[in-house]
Every structure is written in C-alpha cells, then in structure tokens.
Number of protein chains: 2
Amino acid sequence: MGLRERKKERTRESVSATAIRLFLDKGFDQVSITEIAQAAEVSRRTLFAYFPSKEDLVLHRFADHEGEAARIVRARPAGQPPLEALRAALLDALARRDPNTGLCDDPEVMAFLRMVFETESLAARLTRYTARGTDALTEALREAGLDPLDARLVAAQVIVVQRELAVMNQEFLADGATAEEHHPKAVRAAERAFDLLRDGLRRHG
Amino acid sequence: MGLRERKKERTRESVSATAIRLFLDKGFDQVSITEIAQAAEVSRRTLFAYFPSKEDLVLHRFADHEGEAARIVRARPAGQPPLEALRAALLDALARRDPNTGLCDDPEVMAFLRMVFETESLAARLTRYTARGTDALTEALREAGLDPLDARLVAAQVIVVQRELAVMNQEFLADGATAEEHHPKAVRAAERAFDLLRDGLRRHG
DNA sequence: GTGCAGATTTGCACTCAGTTCCCTTTCTTA
DNA sequence: TAAGAAAGGGAACTGAGTGCAAATCTGCAC
C-alpha cells in the first residue's frame, strides 16, 4: 500500500470523523458542507470526491454492514436452516452489544443512532442502503434452496424485522435503560420475532 | 365550500398534474421547479406553498393511501382475523387492477410507477411515507388485540410484503405481460405471501 | 356597490448542496 | 529524474428551498 493510498484513507477518515463530530454537536441540518470542509482542512471539491453527498458522510458506516445478513446465511453450518442462522447471529450481536442492534448504551453511539433516525434525509437514505442488503439476502436465500418468491419475501421480512427490533431497543435505551438491563428483554423480543417468522402468526397470536 | 377553497384545490391539482406530465416526459431530475411553475402559471413561491418539496409533487398521490391498511383492519367483519382481512383486501385490489398493487397495465400508470421506483430521491422518500402507514397499522393491530410487540412486527412485515408484491407485479408488466395474463400469478404470489405470514416459513419452506 | 381584514400570491434576494471546468500539486514508476 | 497519472484546489455555475415585504384576492359587513 503506497503513500498515496494511506494518505487517502487518512483523509477520508478525517473528513468523516470531523463531519460526524460537527453533526452530533449542532445537528445534521445545522452544519454546512463548507463548514465541514474548512474544519477538516480540505476543499469542498475534495470532500465531494470522497463522499458524493452530505448523507454519505454519515451513512458510509452502515454501508460496510450491508451484506452482513447474506454472509451469515452463506457461512452457516451445513444442515442449519437460514432463519436459525440469522436468529443465532442476532442473539450473538445482542450479546456483543453490537451498535447495529440498537442495544449499545455508549452515549456517542446512542447520539449517532438518534441523529440518523430523527433526521428525515438520513433515515430516508438509510432505507435505500438497506434495500441493497435485502437484495443480497434474497440471493443468499435462493442459493440456500428457497423458492425465488419465498426468498424475496423472507429477505424483506427479515431485514425489516431486524430494523424494527433495533429501533425498539434504541427507544428503550433512550428512555434511560442501560444495555445491561434491557438485554433480556431485547433477547425475548428477538426470539419472538424469529418465532413469528418461522411459525407464523397463527400459532402464536 | 367557498370560492377560495375550490380555487386552491384547482390550483393544487393543476400544478401537480403539470409537474407529473413534465416528469413523465423528460424524467424527474431533468425538470426544474422553475420550469414547472412557468408551465403551471404560478410563481415558484406559490408552488412551494402547495408542495413543500419537489418529491411531494409526485408522492402526494401515495399519501392518500397511507392509512389504507389500518382502515381495512378496523373495518373488518367481527371475528375475522386482521391478517385475513388484509389478504382479502389485497386480492380485491388485484381484481380491481388497483395501481397500488402494481398490477395495472395502463401505460401512464406504469410509467408513473417506473419513475417512482427508479428515481433515487423519490423511492427514498416514498419509503418514509409508508413508514407512517406502518405506524397506523401497528396501532390498528393493537386495537385488534395483538400484543404490542407483535403488532409492530406484523405491521412492518405486512407493509414490506405488500410493497415487494407490487414491485414484482410491476416487473412482470414491464417485461411485457398484460395485467390480464399476470393476474393469476399475482394472486398466487399474494396468497403465498399471506400464507407465510400466517403459518411461517417452517410449514412451507 | 364599497371597504376592510385576513388569506393568498408574488418577486427578489439569499443560503446551501452538488457539479463543471480548469489549473496546480503530489506521488508513482520506468 | 522526467513523464504521466492521480489527487487537490478554486471559482463560477445550476437548482432546491426559505424569508420577507409588497401586491392582490376573497369573504363579509355595511
């Protein structure tokens, strides 16, 4: 990795970190691109070379996790149903207090998620990011032998359920609970959600 | 309804219709607000008084249907499970070739949906619109006696499944099928989707 | 009819996101 | 070390959206 690459990586990281710091401080809509560029000591033009839009300064963090669900399905032990692999992965993520589960009470992480969910343009674009994750999961479920129609429906359901669970966890933490306190409840909710996916509403409702 | 109200309604309709005509003609991103305002013979400023953003010129059509699912659940016959009411409503909408099901082969409707799904900013914002529909359905499901957690999970699943079905129908029509030809397949897909919601993946997959 | 109060429309100037064009700096590599 | 490519920079531009004050229209009372 040459000097050029290293420098780019550092610049990219620095710009994003500067931006997020300012956003958390003053609110996403209250910070202009110009302000970020000045604080990060690059030109506006360079900033846009790294991040095609203001939203991407924030959301690129989610982009990395985009294909997570598909990866989990592909990497599951032989004989394990895809849904059980996804369930196990979610429970594991909850245990690790993975920020993506919404069950992480680090103040900075909470402020970050709060900003994303409450800023209209960020929330809208995040959903588009996750759409690509849904496509990837659909493909993985097909490889796992599901009927194409089922694969698509189940993928959409799994992704949307994971999102709802994360939002709910986040809400409880915002109401003052610690991750520690809320963990059992989060686990029960996750189990319930995957039970519903596996067994349907009839057997539970 | 006074003259003032009627005139406002007419202006609103005229502005939106003009905008959509131009969008379908040249593409959403290729038409400026200024151009729309001139064509509709109002000032830019007035246009923004009616529609707070460019996207709203298109998406206000969806806003009306936002609470549909919640309404259906509330209006269901006594004793009918909410899910069955939603299933029946969807089958009925398919039979009516309701544009919201994606099973309407009117060229203008198809061009409209195509534009919405393919324009990044429209698709993103549409998802936000439907989020409010999800909230309304959640509430209706709670009233119907579902556990709050289940209500939220099921609402999210129903809405996302309806959307996927509509997109799939739209894809088939875009590939040249007529609504007539595709209708049986659309019905089977809808039945399958609601079977999955009711019985879970285990009993089918 | 006339006039008045409040609602609506309009033009203008402004901010900010995002793009384009073009030039300078910096790194790579042969 | 020189040529060439990649990255950075600056200025000017387009287009969305907003704030403000002046102009216009409507509903209503007289």
Side-chain angles (χ1 to χ4, degrees), chain A residues 1-20 22-23 25-60 115-116 119-126 128-129, chain B residues 1-20 22-23 25-60 115-116 119-126 128-129:
Chain A
M1 203 189 210
L3 174 56
R4 188 166 271 174
E5 322 285 293
R6 268 179 291 143
K7 232 179 159 175
K8 271 185 80 169
E9 195 46 43
R10 226 181 310 139
T11 304
R12 183 183 171 81
E13 199 41 46
S14 151
V15 170
S16 168
T18 304
I20 290 175
L22 288 171
F23 289 153
D25 206 36
K26 314 205 302 185
F28 184 77
D29 295 322
Q30 274 59 60
V31 182
S32 77
I33 292 281
T34 304
E35 197 174 341
I36 298 164
Q38 280 171 355
E41 299 184 299
V42 296
S43 71
R44 262 168 47 84
R45 188 66 189 67
T46 299
L47 188 152
F48 278 115
Y50 284 96
F51 301 96
S53 80
K54 191 178 178 185
E55 284 77 22
D56 290 313
L57 283 162
V58 175
L59 297 180
H60 72 102
M115 174 178 74
V116 172
T119 305
E120 182 69 21
S121 63
L122 286 176
R125 240 189 141 111
L126 177 57
R128 299 300 292 169
Y129 268 71
Chain B
M1 202 189 213
L3 173 58
R4 185 165 271 170
E5 258 81 37
R6 268 178 291 141
K7 222 174 165 180
K8 273 184 79 168
E9 194 47 43
R10 225 181 310 141
T11 304
R12 184 183 170 80
E13 199 42 46
S14 151
V15 170
S16 168
T18 304
I20 290 175
L22 288 171
F23 288 153
D25 205 37
K26 314 206 302 185
F28 185 77
D29 294 322
Q30 272 60 59
V31 182
S32 77
I33 292 282
T34 303
E35 198 174 340
I36 298 164
Q38 280 171 354
E41 298 183 299
V42 295
S43 71
R44 255 169 51 85
R45 207 64 191 72
T46 299
L47 188 153
F48 278 116
Y50 283 95
F51 300 96
S53 81
K54 191 178 176 185
E55 285 76 23
D56 290 312
L57 283 162
V58 175
L59 297 180
H60 73 103
M115 173 178 73
V116 172
T119 304
E120 183 69 20
S121 62
L122 286 176
R125 239 189 142 107
L126 177 57
R128 298 301 292 170
Y129 269 71

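We name chains A, B, ... by the order of the sequence lines, and we start the count at 1 in each one.
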For B/E35, is the CD atom crowded, meaning more than 12 foreign heavy atoms sit under 6.0 Å from it? yes
Does OP1 or OP2 of C/dT10 have a side-chain N or O of B/S43 closer than 4.0 Å? yes
Start and end of the DNA chain D segment that chain A contacts, any atom under 4.0 Å from a heavy atom: D/dA5 to D/dG10
Take the protein atom CG of A/L47 and the nucleotide atom C1' of C/dT19, then report the distance between them rounded to whole Å. 14 Å
What I'd like to find out is whether the side chain of A/Y129 reaches to under 4.5 Å of the side chain of A/D56, using heavy atoms alone. yes
B/Y50 side chain near C/dT8 phosphate (N/O to OP1/OP2, under 4.0 Å): no
Rounded distance (Å) that lies between atom C1' of C/dT29 and atom CG of A/L3: 14 Å
How about B/T119 and B/F23: do any of their side-chain heavy atoms sit closer than 4.5 Å? no
Please report, rounded to the nearest Å, how far the P atom of C/dT8 is from the CZ atom of B/F51. 15 Å
Answer whether the closest heavy-atom distance between the side chains of B/S121 and B/K54 falls below 4.5 Å. no
Please check: side-chain N/O of B/S16 versus main-chain N/O of B/R12, any donor-acceptor pairing under 3.5 Å? no
Nearest to the side chain of A/R45, which nucleotide is it out of C/dG11, C/dC21, C/dT8? C/dC21
Presence of A/S32 side-chain N/O under 4.0 Å of C/dC16 phosphate oxygens OP1/OP2: no
Give the rounded distance in Å between these two atoms: CG of A/L122 and P of C/dA17. 13 Å
Looking at the base of C/dT26, is there any donor atom on it, or on the side chain of A/R4, that sits under 3.5 Å from an acceptor on the other one? yes
